[in-house]
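Scope of the values below: all heavy atoms of this structure, side chains included, with no hydrogens, waters or symmetry mates.
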Amino acid sequence: MPKNSKVSQHEHTTEHVTESVADLLTHQEPIHYNSSCLNAGGIPGKKIVLNTPVNDGRPAWNSKLQYILAQVGFSVGLGNVWRFPYLCQKNGGGAYLVPYFILLIVIGVPLFFLELAVGQKIRRGSIGVWNYVCPRLGGIGVSSLMVCGFVGLYYNVIIGWSIFYFFQSFQYPLPWAECPIRRNGSLASVEPECEKSSATTYFWYRQTLNTTSTIADSGGLNIKMTLSLLVAWIMVCLAVIRGIASSGKVMYFSSLFPYVVLFCFLVRGLLLKGSVDGITHMFTPKLEKMLEPQVWREAATQVFFALGLGFGGVIAFSSYNKIDNNCHFDAVLVSFINFFTSILATLVVFAVLGFKANLMCEKCVIENAEKILGYLNSNVLSHDLIPSHVNFSKMSLVDYAEMYGVIRTVKEGSFDRLGLDPCLLEDELNKSVQGTGLAFIAFTEAMTHFPASPFWSVMFFFMLINLGLGSMIGTMTGITTPVLDTYKVQKELFTVCCCILAFFCGLLFVQRSGNYFVTMFDDYSAGLPLTIVVLLENVSVAWIYGTKRFMQELEDMLGFRPCSFYFYMWKYVSPCCLMVLITATVVEMVISPPGYNAWVEELVSQSIVFETPVPFFVVRHFNLLSDGSNKLSVTYGKGLKEISNLEEVDETRSILGKNPGETPSPKAPPGTYLGTNPRENPHSLSPNSCYGTSYQNVISPTSPDSDS
């Protein structure tokens, strides 16, 4: 028998033989009746089989470990270090972990599993995946790609800031340890702007960002930040230029190194005075907080973004898996690694902040003890008010609290005029900080008091660089994979062009006012659009394609049927939770007035402009933009065919889409993040009408005229 005949081939393979005699005689591929095309838009009665071959020429991960590290590196990012601890402190300490864990199980793991499954089954990026599920939903993939673009623009700026601080850390003392001295001849004085704030705050706003007092004043490019951004984009470009062949190797280091640093910081932090106070304060549950809807809304939002849902990176990474990979195990594993990483980061942050709070309280006690000594020497206060055991040269927090209480009781009528502070540790621990305020101000200030502070500073900012790089690799993969799958372009050239274009667009964020734009994009460019994208993903699979059919596809792919828990989560619970989350977000944006805080505090009047983009449907309906579907491989009838035009297939493919663009505009605070932006995002979705309409927000602040 010929060596290349079908019967001969199957004699040398372990694959299950399903051909009938007729199939063998006609040399045709068998019809796989248990498989189905993930397509809700075909003609009734026409069965189109999607059976992507294992050896379809698509790149693949070198190992399962490499893939898991890539997913962990993408999902575990800067938000785990500076967002989760803040939310935990703000929303009831240990009590916050209860709603967070519940929502992780209810919406986090099921939706993460859904994205992994569709990416692995269809083996395409976000655009190709949703074109298969329902051609009219192709705009979901385009929306994911656009949001990835917006997020990537400002996210890499944060990596640039970390790079700047990383190189500044190679000196002793650290440059933000003390306020600079201004010299005028023989006279020397502390920089007034620094003296009024703190050394770390001054270094961040003035010496690093050199920020302007208003978003309307660009101030020109900040050369130091521009060079840092250039270095950041070069790093990202080198990491993703060869696809998973290069990014997979980078992930071995960028995903694992942050854990080494976090464990080192945890050990070092636990040895610091006051660290236990911080951890105790952090996890002391305030159970009454669990009854507040706001706590559940913020927990749902954090779960949603911690896993990177809706960006397209999860789908892109899973599309390089083997078709029979156990993506259910991957979904559970990565979700819980993400959760425990957040817990670890919270322990580290509040161990260090507990140490910092003790330092601040000791400083407060010294300053107020000097005031009391002055009042005693000037006979404003009587020596009889001071307990006999109090030693002014070495006063503890307990002694000061006792003395403060006595003076306040005796001098009740005139106490306020004394200007004494209570110096409570609880007050210091309750000062919530997040985002750049935590990383570049609070944490850097604490590290100045560490022994060998430059070493710890280098480690900390190198960790931030790696956390950011892992997330940026996933974000860029969410951009490049759908385009490379859809259009025939050279991978390396396209990647380089994307990075160059992104660098020049990112110059907006390295102006002197760039920090305001970073915060504005962080607040508004991804939140609501991504929630809507994931809702549409959920609805398209659970209701348009059908949950039962999808469960059958998973059974064929995985070799076992996922538990019915996912059936009810996908079909009922997750869509309801997402709709409630969207509604609550819109309501909060409406009732909370927009605004931003500047380094020089000013009041800002803002106007909201809504723009309605041309629906993606119009572009597709009049063939103004190819959906690229003619580049995809499908199995049709009895054979695998590369087709140049999918219209040749006897299938109705009305190309319809949605493109929720997000074009935010100025609204951003520097040190704290306040202000929301009212906006609406109505969507219409049905099996016969798979497109929606979205609104872009443009927030145009007018120049402030008054100081506060």
Over 60° means perpendicular and under 30° means parallel, so tell me whether [X] and [Y] are parallel, tilted or perpendicular.
X	Y	result
Tyr572	Tyr568	parallel
Trp570	Phe113	tilted
Trp161	Trp204	perpendicular

If you measure only the distance, is there a donor-acceptor pair under 3.5 Å linking the side chains of Gln294 and Glu298?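 Per modelled atom types, Gln294 and Glu298 side chains form a pair under 3.5 Å.
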Starting from the C-alpha separation in whole Å, work towards a yes-or-no answer on disulfide (SG to SG under 2.5 Å) for Cys364 and Cys423. CA-CA 6 Å; Cys364 176; Cys423 300; 1.9 Å; yes
I need the single residue from Phe112, Phe304, Phe339 that forms a side chain to side chain contact (heavy atoms under 4.5 Å, CB included) with Leu104. Which is it?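 Considering Phe112, Phe304, Phe339, a side chain to side chain contact (heavy atoms under 4.5 Å, CB included) with Leu104 is found only for Phe339.
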Given the side-chain rings of [X] and [Y], with only the six-membered ring counted for Trp, is the space between their centroids under 6.0 Å?
X	Y	answer
Phe462	Phe257	yes
Phe265	Phe443	yes
Phe203	Tyr165	yes

With distance as the sole test, does [X] use its side chain to make a donor-acceptor pair with the main-chain N or O of [Y] at under 3.5 Å?
X	Y	value
Ser457	Ser453	no
Ser255	Tyr252	no
Ser574	Val106	yes
Ser126	Gly312	no
Asn91	Val295	no
Trp176	Glu445	no
Asn80	Gly77	yes
Asn338	Ala306	yes
Trp296	Met290	yes
Ser169	Pro454	no

Nearest 0.5 angstrom please: Met472 CE to Tyr155 OH, how far? 9.0 Å
How long is the span from the CZ atom in Phe355 to the OG atom in Ser275, to the nearest 0.5 Å?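 Answer rounded to 0.5 Å: 9.5 Å.
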Specify the closest pair of heavy atoms between Thr585 and Leu581, including all atoms of both residues, with the distance to one decimal. OG1-O, 2.7 Å
Considering residues at least two apart in sequence or located in another chain, which fulfil the ring pair (Phe, Tyr, Trp, His ring centres under 6.0 Å) criterion with Phe567? none
